[in-house]
Protein chains: 2
Amino acid sequence: MLTIGDMAKTTGVKVPTIRYYEQMGLLSHAERSEGNQRRYSRSERDRLSFIKHARELGLTIEAIRELIDLSQHPEKPCAEADRIAAEQLATVRQKIAKLKKLEAELERISTHCHSNHVRDCYVIRALANHDLCETDHD
Amino acid sequence: MLTIGDMAKTTGVKVPTIRYYEQMGLLSHAERSEGNQRRYSRSERDRLSFIKHARELGLTIEAIRELIDLSQHPEKPCAEADRIAAEQLATVRQKIAKLKKLEAELERISTHCHSNHVRDCYVIRALANHDLCETDHD
DNA sequence: CTAAAACCTCTAGCGGCTTTAGCTGCAAGA
DNA sequence: TCTTGCAGCTAAAGCCGCTAGAGGTTTTAG
């Protein structure tokens with residue numbers, strides 16, 4: 001049996017976060033030692049790794065909960081799991097697209113200013129005046 | 001004089017958000033009507049647009065506060081403003097890099113699954129098993 | 001046996017808002 | 001003039017996904 005510290009060490013998820021996941025229902029209530037400390041099996045550690053990996057990919061707690069529920073029902077069709085992954089992919093792509101616009105504008109702003117005083121600073125002027133933008137970031 | 005609603009309409013910043021910005025010290029305490037409603041001048045609206053634009057670019061409230069303070073002192077050197085913009089650019093670039101890794105992995109995961117049941121679902125297996133990853137997203 | 005490390009619960013805090021509850025202000029139509 | 005209904009007000013709580021701290025208990029190493 002693993003202590004919560006062992007779990008933390010082997011998965012890289014911090015101890016308070018593990019307790020948080022239990023509270024959120026991603027991990028079931030762990031068995032307890034006589035002294036009320038959590039004890040985990042290897043399969044619970046695997047589930048924690050699953051959760052960690054999913055979080056690293058940006059999935060919400062809610063989405064992970066759905067995936068865990070799904071994985072408890074191996075006979076169900078996996079279209080649902082596909083949908084969750086695909087949605088996340090779409091979200092990530094949107095974020096990339098948006099950040100690229102920001103990158104372009106910030107680049108322009110911060111390479112443009114050759115003045116010495118705030119009075120003429122391009123950074124400040126660009127922020128004050130959206131018309132100086134080339135792209136239509138929202 | 002503009003009401004808070006007018007401000008919201010012309011800048012696209014929601015009414016409660018405007019009040020929040022005032023609380024955070026980005027907007028100064030607005031004048032009030034006899035009936036205690038906020039009344040704004042055009043220059044306050046311009047400042048709100050500035051804030052909005054900066055937020056869209058991902059600047060934190062704190063960074064925006066610094067920029068506003070700077071813009072009140074036109075004779076100061078603008079190196080500080082440049083630094084803020086450049087830092088934000090670096091942050092944005094980091095985020096893009098990370099998201100691209102996620103995109104690659106999600107793409108692989110969600111195009112890989114041709115099974116019908118959760119039992120064999122690649123999405124679920126990939127999440128359970130980090131070894132299936134090609135990149136070393138953190 | 002003791003000291004230290006690890007564990008426990010509970011609560012509060014982060015950023016950047018959004019929402020809710022319960023009020024008051026104000027303009028336009030009957 | 002009255003009323004209706006939108007707009008505004010304040011204060012406080014809620015959201016996400018943790019993280020940190022206080023103050024106590026259990027486990028482990030020596």
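Below, chain A is the first sequence line, B the second, and so on; all start at residue 1.
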Kindly give the atom pairs (protein nitrogen or oxygen, nucleotide nitrogen or oxygen) under 3.5 Å for nucleotides 13-15 of chain D.
none

Any protein N or O atoms within reach of nucleotides 21-26 of chain D? Criterion: under 3.5 Å, listing atom names and distances.
none

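Taking only side-chain nitrogens and oxygens, B/Thr3 never comes nearer than 4.0 Å to OP1 or OP2 of D/dA7. At the phosphate of C/dC8, OP1 or OP2 sits under 4.0 Å from a side-chain N or O atom of A/Arg38. Look at B/Tyr21 and you'll find a side-chain N or O under 4.0 angstrom from OP1 or OP2 of C/dC17. At the phosphate of C/dT18, OP1 or OP2 sits under 4.0 Å from a side-chain N or O atom of B/Lys14.
For B/Thr17, the listed nucleotide lying nearest its side chain is C/dT18; candidates were D/dC18, C/dG16, C/dT18. Across D/dT10, C/dC17, C/dC8, the shortest atom-to-atom separation from the side chain of B/Arg55 is found for C/dC17. Checking C/dC8, D/dC18, C/dG16 against every side-chain atom of A/Ile4, the shortest atom distance belongs to C/dC8. Of the candidates C/dT18, C/dC8, D/dT19, the closest approach to any side-chain atom of B/Tyr20 belongs to C/dT18. Among the nucleotides C/dG16, D/dG17, C/dC7, the one closest to the side chain of A/Thr60 is D/dG17.
The distance from atom NE2 of B/His29 to atom C1' of D/dC9 is 15 Å, rounded to the nearest whole Å. Rounded to an integer number of Å, the gap from CG of B/Asp6 to C1' of C/dG25 is 15 Å. For the pair B/Gln23 CD and D/dA12 P, the computed distance is 11 Å after rounding to whole Å. Atom P of nucleotide C/dT18 and atom CD of B/Glu22 are separated by 16 Å, given to the nearest angstrom. Here D/dC9 presents its P atom at 14 Å from CD of B/Glu31, a figure rounded to the nearest Å. One can place CD1 of B/Ile64 at 10 Å from C1' of C/dG16, the figure rounded to the nearest angstrom. Rounded to an integer number of Å, the gap from B/Leu26 CG to C/dG15 C1' is 13 Å. When rounded to the nearest whole Å, the span between CG of B/Leu57 and C1' of C/dG16 equals 16 Å.
Where B/Tyr40 and A/Glu62 meet DNA chain D, the nucleotide closest to each residue was compared, and B/Tyr40 sits on the side nearer the 5' end.
In summary, the side chains of A/Glu80 and A/His73 do not present any donor paired with an acceptor at a separation below 3.5 Å, with no hydrogens or angles considered. Donor-acceptor pairing under 3.5 Å is lacking for the side chains of B/Asp46 and B/Ser43.
Atoms OG1 and CG, from B/Thr91 and A/Leu106 in turn, are 9.0 Å apart once rounded to the nearest 0.5 Å. Interatomic distance, A/Lys98 NZ to B/Lys95 NZ, rounded to the nearest 0.5 Å: 10.0 Å. Here CD of A/Glu66 is found 10.5 Å from CD1 of A/Ile64. Values are rounded to the nearest 0.5 Å.
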### Task
Begin from the C-alpha positions of B/Val15 and B/Met7 and carry the test side chain to side chain contact (heavy atoms under 4.5 Å, CB included) through to its verdict.
CA-CA 8 Å; B/Val15 167; B/Met7 292 277 277; over 6 Å; no
### Message
B/Met1 vs B/Glu31, test: side chain to side chain contact (heavy atoms under 4.5 Å, CB included). Steps then yes/no.
### Response
CA-CA 10 Å; B/Met1 298 298 273; B/Glu31 277 180 59; 3.7 Å; yes
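Contact detail for A/Glu44 and A/Ser28: the closest heavy-atom pair is OE2-OG, 4.0 Å. Closest approach of A/Ile51 to A/Tyr21, counting heavy atoms only: CG2-CE1, 3.7 Å. Of all the heavy atoms in B/Asp82 and A/Cys121, the pair that sits closest is OD1-SG, 4.1 Å.
Within 4.0 Å (heavy atoms only), A/Arg19 reaches at least one base atom of the nucleic acid. B/Arg32 comes within contact range of the sugar-phosphate backbone alone, with a heavy-atom separation under 4.0 Å but no base atom that close.
Within 6.0 Å of the CD atom in A/Glu87, the count of heavy atoms belonging to other residues, nucleotides or ligands exceeds 12. The neighbour count for B/Arg32 CZ, taken as heavy atoms of other residues, nucleotides or ligands under 6.0 Å away, is above 12.
A distance-only check finds a donor-acceptor pair linking the side chain of A/Gln88 to the backbone of A/Leu57 [under 3.5 Å].
Remark on the helix from C/dC1-D/dG30 to C/dA30-D/dT1: inter-end axis angle 10°, axes from five-pair C1' superpositions, rounded to 10°.
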